[in-house]
K.L.:
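I'd like to ask you about the structure that follows.
All values reported here derive from a predicted model rather than from experimental measurement.
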Amino acid sequence: MTAAGGSVPAAPGILHVDMDAFYASVEMRDDPTLKGRPVVVGGTGDRGVVAAANYDARVYGVRSAMPSRRARQLCPHAVFLSGNHAHYQEVSRSVMEVFASITPLVEPLSLDEAFLDVRGATRLQGDPAEIARTIRHRIWEAERLPCSVGVAPSKLVAKLASEAAKPHIDGRRVVRGLGVKVVTAAGVEGFLRPLPIRAMWGVGPKTAEKLQRLGVDTVGELADLPVTTLCGAVGQAQGHHLHLVANGIDDRPVEPDRAAKSISHEETYASDLHDLDAIRREVVRMADAVAARLRRHGLRSRTVTIKVRTPSFDTATRSITLPRPTDNGGVITRNAHTLLERVDLSPGVRLLGVGATGLTVERSDQLTFEDLATVGPAAAEEAPHAPRIHDERVEATDAAVDSIRERFGDAAIGPATLLGPGGLRRRRSGEQQWGPDDPRDERPSGRSSG
């Protein structure tokens, strides 16, 4: 299978490793009483979403990204868990260490999946299929967790192959998966052509609807469609992209040092926020968490963004580019508050988010007009590095805050505006990322049953 603009590599040396129902599998491993029961991890409240469902829950139609309310309707007897993102991160680090023991060419996609290029490891580790089996064995030995591995000539096909290797649902029963699915260069065409078009990257519901109007339901039919017709239906850029992927062409390398593009924190609230002071405090809390994560990764942000969703699901995003990159929570907060003034908050806030984009490792500072206004033209002329001294003091303060939190915990120190009757509460990475939990569920484990 070939097409203009590329060719399929000869050797199936790209692996895509995907943990099976990762969050749910971790919970089941940690609590053996869950074995054989439907388990759903995510926001347990009515506004939550499903992050993961084990295969016993999938039998009833529960899927990730589904509203938790709908999941409860489909499977009321399931065990619903709010999850522990920090714990999942720890387990993920162990899994990634297994990958690193095989090859340095590892490109993590999320906590539970990664691409590996093992073409340089075959002399010591065996052929790619053998390496895939070794990875599954080592992960099981280290963490007692299952995974599926796709082996193929490209990242595109490897990801689809790992999906084909997973367990699947047949009626009301779970069918054991292959574990490892190998697609050779010669087998790419036969593997891809029968797949539904929704299996392809870049084909969402709207694109699928446009293609189905052309009588295209399978990847094979998509590959056979003249590229001019395809571009006319979905646009030039997407048309050319779909033409290549439908023909199995994907020359992207595995990128082990792929830089993060953004750091953000957002939350869906159990009850809509209407009080402006409360909304502004939430911005402070999120900006503080985002800034701490920037510093932890040695990054600064050139652009601050906010995201606001109303009860009617209307979503507004606003952004502002800074005169120079920052990793300071106060700077992010002030700019986020400015952006907040550009959004109509009168309907209420269902979801709120603060983000940092335009990330850089740049540490040098350039004098700005804002600095001149701060120190005065005469002072700036006499001491041009005065603003830099101010920045160094801010950096020293941030470093001290980070050190205190590392030693005594996240709630040991933070912005004074976040101090309430219950003490200081900060936003942590992964907290409430799947929506709010059921406020009636006060058990420490976060476990609730339908």
K.L.:
From Leu299 CG over to Leu359 CG, what is the distance, rounded to the nearest 0.5 angstrom?
P.N.:
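Atom-to-atom, Leu299:CG and Leu359:CG are 5.5 Å apart.
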
K.L.:
Could you check Glu163 against Lys166 for salt bridge (Lys or Arg N to Asp or Glu O under 4.0 Å), going step by step and ending with a plain yes or no?
P.N.:
CA-CA 5 Å; Glu163 184 65 28; Lys166 285 182 170 294; 5.6 Å; no

K.L.:
For the pair Arg29 (side chain) and Ser25 (backbone), establish whether a donor and an acceptor sit closer than 3.5 Å, ignoring hydrogens and angles.
P.N.:
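Not a single qualifying donor-acceptor pair exists.
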
K.L.:
Among all residues two or more places apart in sequence or in another chain, which pass the side-chain contact (heavy atoms from CB on, under 4.5 Å) test with Ala161?
P.N.:
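With sequence neighbours excluded, Ala161 shows a side-chain contact (heavy atoms from CB on, under 4.5 Å) to Lys181, Val183, Phe191, given in chain and number order.
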
K.L.:
Taking atom types as modelled, find out whether Asp18 and Ser162 have a side-chain donor-acceptor pair closer than 3.5 angstrom.
P.N.:
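Short answer, no.
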
K.L.:
Checking Arg198 side chain against Val203 main chain: does a donor-acceptor pair fall under 3.5 Å?
P.N.:
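Yes; judged by distance alone, with no hydrogens or angles, the pair exists.
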
K.L.:
Could you note down all residue pairs passing salt bridge (Lys or Arg N to Asp or Glu O under 4.0 Å) where residues 82-102 supplies at least one of them, sequence neighbours left out?
P.N.:
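Those involving residues 82-102 do not exist here.
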
K.L.:
Can you find a pair of side-chain heavy atoms, one from Val41 and one from Tyr88, that are under 4.5 Å apart?
P.N.:
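With C-beta onward as the side chain, the pair touches.
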
K.L.:
Going through the checks in order, is the salt bridge (Lys or Arg N to Asp or Glu O under 4.0 Å) test met by Glu266 and Arg309?
P.N.:
CA-CA 10 Å; Glu266 66 179 46; Arg309 180 169 295 154; 5.8 Å; no

K.L.:
Quick one: does Val39's side chain get under 4.5 Å of Met28's, heavy atoms only?
P.N.:
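Yes, side chains in contact.
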
K.L.:
Kindly write out the residues that satisfy ring pair (Phe, Tyr, Trp, His ring centres under 6.0 Å) with Phe115, not counting sequence neighbours, or none if the list is empty.
P.N.:
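Phe115: ring pair (Phe, Tyr, Trp, His ring centres under 6.0 Å) contacts with His16.
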
K.L.:
Using modelled atom types and a 3.5 Å cut-off, is there a donor and acceptor pairing between side-chain atoms of Arg295 and backbone atoms of Asp327?
P.N.:
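Answer holds: yes.
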
K.L.:
Would you indicate whether Arg252, at its atom CZ, is surrounded by more than 12 heavy atoms from other residues, nucleotides or ligands within a distance under 6.0 Å?
P.N.:
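Result for CZ/Arg252: enclosed.
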
K.L.:
Please check if the side chain of Arg193 supplies one atom and the backbone of Glu221 the other of a donor-acceptor pair under 3.5 Å.
P.N.:
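Checking the backbone N and O of Glu221 against the side chain of Arg193, no donor-acceptor pair under 3.5 Å is found.
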
K.L.:
Let me see the working for Asp56 and Lys35 under salt bridge (Lys or Arg N to Asp or Glu O under 4.0 Å), right down to the final yes or no.
P.N.:
CA-CA 9 Å; Asp56 293 297; Lys35 185 177 181 180; over 6 Å; no

K.L.:
Considering non-hydrogen atoms only, spot the tightest contact between Ala53 and Ala21 and give its length.
P.N.:
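Ala53 and Ala21 have their closest heavy atoms at O-CB, 3.6 Å.
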
K.L.:
In chain order, what residues pass the side-chain contact (heavy atoms from CB on, under 4.5 Å) check against Leu214, with sequence neighbours excluded?
P.N.:
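Once residues adjacent in sequence are excluded, the partners of Leu214 under the side-chain contact (heavy atoms from CB on, under 4.5 Å) criterion are Val216, Leu225, Thr229, Ala233.
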
K.L.:
If you take the centroid of each ring, where Trp contributes its six-membered ring, are Tyr23 and His87 closer together than 6.0 Å?
P.N.:
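No.
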
K.L.:
Show the nearest heavy-atom pair for residues Ala287 and Thr333, with the distance to one decimal.
P.N.:
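Closest approach of Ala287 to Thr333, heavy atoms only: CB-OG1, 3.2 Å.
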
K.L.:
Is it true that the side chains of Ser101 and Arg138 contain a donor and an acceptor less than 3.5 Å apart?
P.N.:
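Short answer, yes.
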
K.L.:
Could you check whether any side-chain heavy atom of Leu109 comes within less than 4.5 Å of a side-chain heavy atom of Lys155, counting everything from C-beta outward?
P.N.:
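No, too far: nothing below the 4.5 Å cut-off.
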
K.L.:
Check step by step if side-chain contact (heavy atoms from CB on, under 4.5 Å) holds for Trp140 and Val98.
P.N.:
CA-CA 10 Å; Trp140 182 259; Val98 172; over 6 Å; no

K.L.:
With a 4.0 Å cut-off on N to O distance, would you call Arg133 and Glu130 a salt bridge?
P.N.:
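No salt bridge links Arg133 with Glu130.
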
K.L.:
Mind checking salt bridge (charged side-chain N to carboxylate O under 4.0 Å, His left out) for Asp344 and listing every partner two or more places apart, or none if nothing turns up?
P.N.:
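Checked Asp344 against salt bridge (charged side-chain N to carboxylate O under 4.0 Å, His left out); zero matches.
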
K.L.:
Report yes or no: do Thr310 and Ser312 form a side-chain donor-acceptor pair below 3.5 Å?
P.N.:
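Looking only at side-chain atoms, Ser312 and Thr310 do form a donor-acceptor pair, the distance falling under 3.5 Å.
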
K.L.:
Return yes when atom NE2 of His297 has more than 12 non-hydrogen atoms of other residues, nucleotides or ligands closer than 6.0 Å, and no otherwise.
P.N.:
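Yes, the 6.0 Å shell around NE2 holds more than 12 heavy atoms from other groups.
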
K.L.:
Test side-chain contact (heavy atoms from CB on, under 4.5 Å) on Val308 and Thr315 and set out the steps.
P.N.:
CA-CA 6 Å; Val308 178; Thr315 303; over 6 Å; no

K.L.:
Does any non-hydrogen side-chain atom of Leu352 lie less than 4.5 Å from one of Tyr269?
P.N.:
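Tyr269 vs Leu352: side chains touch.
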
K.L.:
Just checking, is any N or O donor in the side chain of Thr134 or Gln125 under 3.5 Å from an acceptor N or O on the other one?
P.N.:
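On atom types as modelled, these side chains do not qualify, holding no pair under 3.5 Å.
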
K.L.:
What are the two closest heavy atoms between Ile131 and Leu15, and how far apart are they?
P.N.:
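In this case the closest contact between Ile131 and Leu15 is CG2-CD2, 4.1 Å.
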
K.L.:
Say whether, by atom type as modelled, one donor and one acceptor occur between the side chain of Asp170 and the main chain of Arg173 under 3.5 angstrom.
P.N.:
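Checked: no pair found.
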
K.L.:
Would you indicate whether the side-chain heavy atoms of Pro256 and Glu107 approach each other to under 4.5 Å?
P.N.:
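Counting from C-beta outward, Glu107 and Pro256 never come under 4.5 Å.
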
K.L.:
Out of curiosity, Leu276 CG to Arg281 CZ, how far, rounded to the nearest 0.5 Å?
P.N.:
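Going from the CG atom of Leu276 to the CZ atom of Arg281 covers 10.0 Å.
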
K.L.:
Say whether Gln73 and Tyr60, considering side chains only, have a donor N or O and an acceptor N or O under 3.5 Å apart.
P.N.:
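Absent: no donor and acceptor within the cut-off.
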
K.L.:
To the nearest 0.5 Å, tell me how far Arg280 CZ sits from Asp275 CG.
P.N.:
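Result: 11.0 Å between the selected atoms.
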
K.L.:
Would the distance check show the side chain of Asp314 and the main-chain N or O of Ala316 forming a donor-acceptor pair, the cut-off being under 3.5 Å?
P.N.:
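No.
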
K.L.:
From the options Gln212, Arg213, Lys206, select the one residue that forms a side chain to side chain donor-acceptor pair (under 3.5 Å) with Glu209.
P.N.:
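When side chain to side chain donor-acceptor pair (under 3.5 Å) is applied between Glu209 and each of Gln212, Arg213, Lys206, only Arg213 qualifies.
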
K.L.:
Judged by modelled atom types alone, do Thr326 and Asn328 share a side-chain donor-acceptor pair under 3.5 Å?
P.N.:
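No, no side-chain donor-acceptor pair sits under 3.5 Å.
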
K.L.:
How long is the gap from CG on Leu294 to CD1 on Ile332, to the nearest 0.5 Å?
P.N.:
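Leu294 CG to Ile332 CD1: 5.0 Å, rounded to 0.5 Å.
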
K.L.:
Give, for atom CG of Asp112 and atom OG of Ser92, the distance between the pair rounded to the nearest 0.5 Å.
P.N.:
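Answer rounded to 0.5 Å: 7.5 Å.
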
K.L.:
What closest approach, in Å, do His265 and Val290 show between heavy atoms, and which atom pair accounts for it?
P.N.:
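So the minimum-distance heavy-atom pair works out to N-CG2, 3.9 Å.
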
K.L.:
Do Val157 and Leu160 have side-chain heavy atoms sitting under 4.5 Å apart?
P.N.:
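Not touching, per the 4.5 Å side-chain cut-off.
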
K.L.:
Any donor and acceptor pair, going by atom type alone, linking the side chain of Asn247 with main-chain N or O of Ile249 inside 3.5 Å?
P.N.:
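No: the side chain of Asn247 does not pair with the backbone of Ile249.
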
K.L.:
Under 6.0 Å from the CZ atom of Arg172, do we count more than 12 heavy atoms belonging to anything else shown?
P.N.:
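Count over threshold, so yes.
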
K.L.:
Give me the atom names and distance for the closest heavy-atom approach of Ser319 to Thr305.
P.N.:
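Ser319 and Thr305 have their closest heavy atoms at CB-CG2, 3.6 Å.
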
K.L.:
Quick one: list whatever passes ring pair (Phe, Tyr, Trp, His ring centres under 6.0 Å) with Tyr55, sequence neighbours left out.
P.N.:
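Partners of Tyr55 under the ring pair (Phe, Tyr, Trp, His ring centres under 6.0 Å) test: none.
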
K.L.:
Can a donor-acceptor pair be found, under 3.5 Å and without considering hydrogens, that links the side chain of Ser301 to the backbone of Thr357?
P.N.:
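The answer is yes, because a donor-acceptor pair under 3.5 Å joins these two groups.
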
K.L.:
To check you understand the geometry: which heavy-atom pair defines the closest contact between Leu116 and Ile135, and what is its length?
P.N.:
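Result for this residue pair: CD2-CD1, 3.8 Å.
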
K.L.:
Could you tell me if the side chain of Pro153 sits less than 4.5 Å from the side chain of Ile14, heavy atoms only?
P.N.:
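Not touching, per the 4.5 Å side-chain cut-off.
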
K.L.:
Considering only heavy atoms from C-beta outward, does the side chain of Val349 approach that of His274 to under 4.5 Å?
P.N.:
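Side chain of Val349 against side chain of His274, heavy atoms only: no contact under 4.5 Å found.
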
K.L.:
Got a second to check how far Ile102's CD1 is from Asp117's CG, nearest 0.5 Å?
P.N.:
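Rounded to the nearest 0.5 Å, the CD1-CG separation comes out at 13.0 Å.
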
K.L.:
Apply the test side-chain contact (heavy atoms from CB on, under 4.5 Å) to residues Arg63 and Val50: give CA-CA distance (whole Å), side-chain angles for both, the deciding distance (0.1 Å), then the verdict.
P.N.:
CA-CA 7 Å; Arg63 297 288 183 271; Val50 174; over 6 Å; no

K.L.:
Verify, without hydrogens or angle tests, whether Asp250 (side chain) and Leu156 (backbone) share a donor-acceptor contact under 3.5 angstrom.
P.N.:
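Side chain of Asp250 to backbone of Leu156: a pair is present.
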
K.L.:
Any sub-3.5 Å donor-acceptor pair from Thr218's side-chain atoms to Leu195's backbone N or O?
P.N.:
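The answer is no, because no donor-acceptor pair under 3.5 Å joins these two groups.
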
